[in-house]
2 protein chains.
Amino acid sequence: MNQIEDMQTFVRIVEAGSITRAAEQLNTVKSAVSRRLSQLEKRLGVSLLTRTTRHHTLTEHGQSYYQQSLRIIEEVAVIEASLLQENCALSGRIRISAPLVFGIEHLSQAFLAFNELHPDIIFDVDFDDKKIDLVEGGYDLAIRIAKLEDSNLIARKITSTRMVLCASQKYLKEYGTPVVPQDLTTKHKKLLYNKAHETWHFIDDKAKSVSIKLPTALTSNNGNFLLESAIKGGGLLNVPDFICYKAIKQGKLQLVLNNYLVHTTIPIYALYPQNRHLSHRIRRLVDFLVEYYGDKPYWLI
Amino acid sequence: MNQIEDMQTFVRIVEAGSITRAAEQLNTVKSAVSRRLSQLEKRLGVSLLTRTTRHHTLTEHGQSYYQQSLRIIEEVAVIEASLLQENCALSGRIRISAPLVFGIEHLSQAFLAFNELHPDIIFDVDFDDKKIDLVEGGYDLAIRIAKLEDSNLIARKITSTRMVLCASQKYLKEYGTPVVPQDLTTKHKKLLYNKAHETWHFIDDKAKSVSIKLPTALTSNNGNFLLESAIKGGGLLNVPDFICYKAIKQGKLQLVLNNYLVHTTIPIYALYPQNRHLSHRIRRLVDFLVEYYGDKPYWLI
DNA sequence: TTTATTGTTCTATTATTTAGAACTTTAAAT
DNA sequence: ATTTAAAGTTCTAAATAATAGAACAATAAA
């Protein structure tokens, strides 16, 4: 009889919305989760959730047990954390939701570096640009590149990225290299990453603000794909610097109107569910990320 | 990792005062308890109690973990109990401390009857007349035949017993049958159960109080032994009625000065540790005992 | 110094838990 | 109405964890 584990399993089933998803998040199979739930119900002698193949509904007992379980799990975590030595080796699974390109290109390095310091940490990273519900997905942590929205999550800024404008020499030869913002006529075309950045803002020589919206040659939600298109001369690219910094350093792309462009800065946040108590290993990981990237991350141009 | 069980084990070690006794109370072997404790300490990364072969001392961490564990165990018990159906089958171990003669003669019947209603209940009864520390001994319940002392235990009266005076015909033939209290000269002798009842109190025909202290022929802390002695004519016996009622019914003993004697009534209590929450099966057992014996128990003469 | 008791460690045994497959059920799609 | 797909349950062999019992070490009391 493992009461805490039963509570954790039950909470995960409720929040994930299904036994199958709970099993995935708990790193096990649905038969194990199904069995745990039915044994728990048998032990308590009450049904906690009425289940059909597609839908779950909490019973009154289930609702009560869910709330109480949340509290107990939290309290036990706080008690154990208060004893754990600050400098002890970290261990356990960390489930993370991370954006695709940034995650694969930049976070994975950082995670590997953290993992070398703490070999008993197991990373379980889902790379996905969709906005995931941290609680429903059972994530400990999410990394988001965006201005902060209102939410019931706690956010900590780990670093930031700037939008830059660039193009390949091939493109610039063909369409002409703009020297002042006004050179960007509709002959030019852009590679669009995100509708939020469709219009570009500049400050011209007379300190006047200039906004320009070029025709779109290509749209994609994948930064790397746009980057490749830009290198092949597909258009002007306005993307976060962490995407194109390497191509620029290697001379595959060059900055365009850099002194005129109003560089939008986008913060990069670590988000975690609003528990009173933040697990030690998560806090240490976020500290590590803040340290790893810093104010002036290596992709800064 | 079973955090609640770890807490329960730790609490039992602390309260029992040793790993060996904790193991006995937990119905397992000391190697299992020792292993659980060392794994818990390993997991938490701190030492909870410094142990030598003879002595244990809680570390600061251990003190804190002990207090917190008590709270959590209690809270989890309350949560689960609030869900458990009132009419569901009872199960689990009940550890009881009971007095020797009353326990074997009377309680064991009642426990067997309860066990027939709830076959999944496992009784673990220690028959011992010594005053046991319920918390230290890890008992769920104790039965005590005595006026209530101050203590941090909760008491519920389940029934009562009266002191009666009796003797065998053999004795009365030899020493004479007293008709009024004044007939009890020092030629008579008593079989002494308990120093508290060395002096006997009567109300004589003139409504006058008479106290008499006879020479002691035999003293024992075991009621059955005194009973056998009395039947063999060893002396006048002043014991609780639950000890001698059968012998009286069978004519082996007969009441002496019954209309003159001031019958001391001794309450019989169920005692349990002062937890905010009384486990359902314990409450049901005590209810059963109250019902089983009632105001007029079957030993009433 | 001896003895008795406590705690630890080791290993074979026992009990529990899990993974994976087969099967059942039900809601959505055709 | 029929088919399809996804979710839940049940079953069993395999993996994992826990336990009992013995042997051993440590230490306080005799």
Side-chain angles (χ1 to χ4, degrees), chain A residues 1-59 62 66 91-93 120 122 124 136-138, chain B residues 1-59 62 66 91-93 120 122 124 136-138:
Chain A
M1 185 168 67
N2 191 331
Q3 288 138 314
I4 292 286
E5 201 173 14
D6 284 346
M7 288 179 164
Q8 285 167 334
T9 304
F10 181 64
V11 163
R12 202 86 305 282
I13 293 169
V14 171
E15 292 181 348
S18 88
I19 288 177
T20 305
R21 275 197 296 280
E24 283 163 14
Q25 294 170 13
L26 290 165
N27 238 53
T28 182
V29 290
K30 57 184 181 172
S31 62
V33 174
S34 168
R35 197 164 167 284
R36 275 216 283 251
L37 176 59
S38 53
Q39 291 217 334
L40 172 63
E41 288 184 324
K42 188 182 160 198
R43 178 161 63 78
L44 297 178
V46 296
S47 140
L48 296 172
L49 40 86
T50 50
R51 30 200 191 280
T52 66
T53 43
R54 293 292 166 103
H55 245 253
H56 278 172
T57 330
L58 278 171
T59 64
Y66 170 69
S91 70
R93 183 172 298 273
D120 291 339
I122 299 162
D124 181 350
E136 187 187 313
Chain B
M1 184 168 67
N2 190 333
Q3 287 137 314
I4 292 287
E5 201 173 15
D6 285 347
M7 287 179 164
Q8 285 167 334
T9 304
F10 181 65
V11 163
R12 201 84 308 280
I13 294 170
V14 171
E15 292 181 348
S18 87
I19 288 177
T20 304
R21 275 198 296 280
E24 283 163 14
Q25 295 171 12
L26 291 165
N27 238 53
T28 183
V29 290
K30 56 184 180 171
S31 62
V33 175
S34 168
R35 197 163 168 283
R36 276 216 281 250
L37 176 59
S38 54
Q39 291 215 334
L40 172 63
E41 288 184 323
K42 189 183 161 199
R43 179 159 64 77
L44 297 178
V46 296
S47 141
L48 295 173
L49 40 85
T50 50
R51 33 198 190 281
T52 67
T53 43
R54 294 291 166 105
H55 244 254
H56 278 172
T57 330
L58 278 172
T59 64
Y66 170 69
S91 70
R93 181 172 300 272
D120 291 340
I122 298 162
D124 181 350
E136 188 186 315

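Keep in mind it's a predicted model, so treat the numbers as computed, not measured. A, B, ... follow the sequence lines: proteins, then strands. Residue 1 opens every chain.
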Send over the distance from Arg36(A) CZ to dA19(C) C1', rounded to a whole Å.
13 Å
Got a salt bridge between Lys30(A) and Glu24(A), using NZ or NE/NH1/NH2 to carboxylate O under 4.0 Å?
no
Check the distance between dT6(C)'s P and Ile13(B)'s CD1 and give it to me in whole angstrom.
14 Å
Measure the distance from CG on Asn27(A) to C1' on dA19(C) and round it to the nearest whole Å.
13 Å
Mark yes or no for whether Arg12(B), through its side chain, and Ala22(B), through its backbone, hold a donor-acceptor pair below 3.5 Å.
no
Think Arg51(B) has a side-chain N or O under 4.0 angstrom from the OP1 or OP2 of dT27(D)?
no
Considering only NZ, NE, NH1 and NH2 on the basic side and carboxylate oxygens on the acidic side, decide whether Arg51(B) and Glu41(B) come within less than 4.0 Å.
yes
Got Asn2(A) and Glu5(B) here, is their nearest side-chain heavy-atom distance under 4.5 Å?
no
Rounded off to whole Å, could you give me the CE-to-P distance for the Met1(A) and dA18(D) pair?
15 Å
I'd like to know if the side chain of Thr59(B) and the backbone of Ser47(B) have a donor-acceptor N/O pair within less than 3.5 Å.
yes
Does His55(B) place a side-chain N or O at less than 4.0 Å from the phosphate oxygens OP1/OP2 of dG7(C)?
no
Does a nitrogen or oxygen in the side chain of His56(A) sit under 4.0 Å from OP1 or OP2 of dA7(D)?
no
Quickly work out the Glu5(B) CD to dA18(D) C1' distance and round it to whole Å.
9 Å
Presence of Arg35(B) side-chain N/O under 4.0 Å of dA17(D) phosphate oxygens OP1/OP2:
no
Is the distance from OP1 or OP2 of dC10(C) to the nearest side-chain N or O of Ser31(B) less than 4.0 Å?
no
For Glu24(B) and dT5(C), give me the distance from atom CD to atom P, rounded to whole Å.
12 Å
Lys30(A) NZ to dC11(D) P, straight-line distance once rounded to whole Å:
16 Å
Among dA19(C), dA20(D), dG8(D), which nucleotide has an atom closest to any side-chain atom of Ser18(A)?
dG8(D)
Measuring from the side chain of Thr28(B) (C-beta onward, heavy atoms only), which nucleotide among dT18(C), dT6(C), dA20(D) has the closest atom?
dA20(D)
State which of dT8(C), dT9(D), dA20(D) makes the closest approach to the side chain of Ala32(B).
dA20(D)
What is the distance, to the nearest angstrom, from the CG atom on Leu40(A) to the P atom on dT9(D)?
13 Å
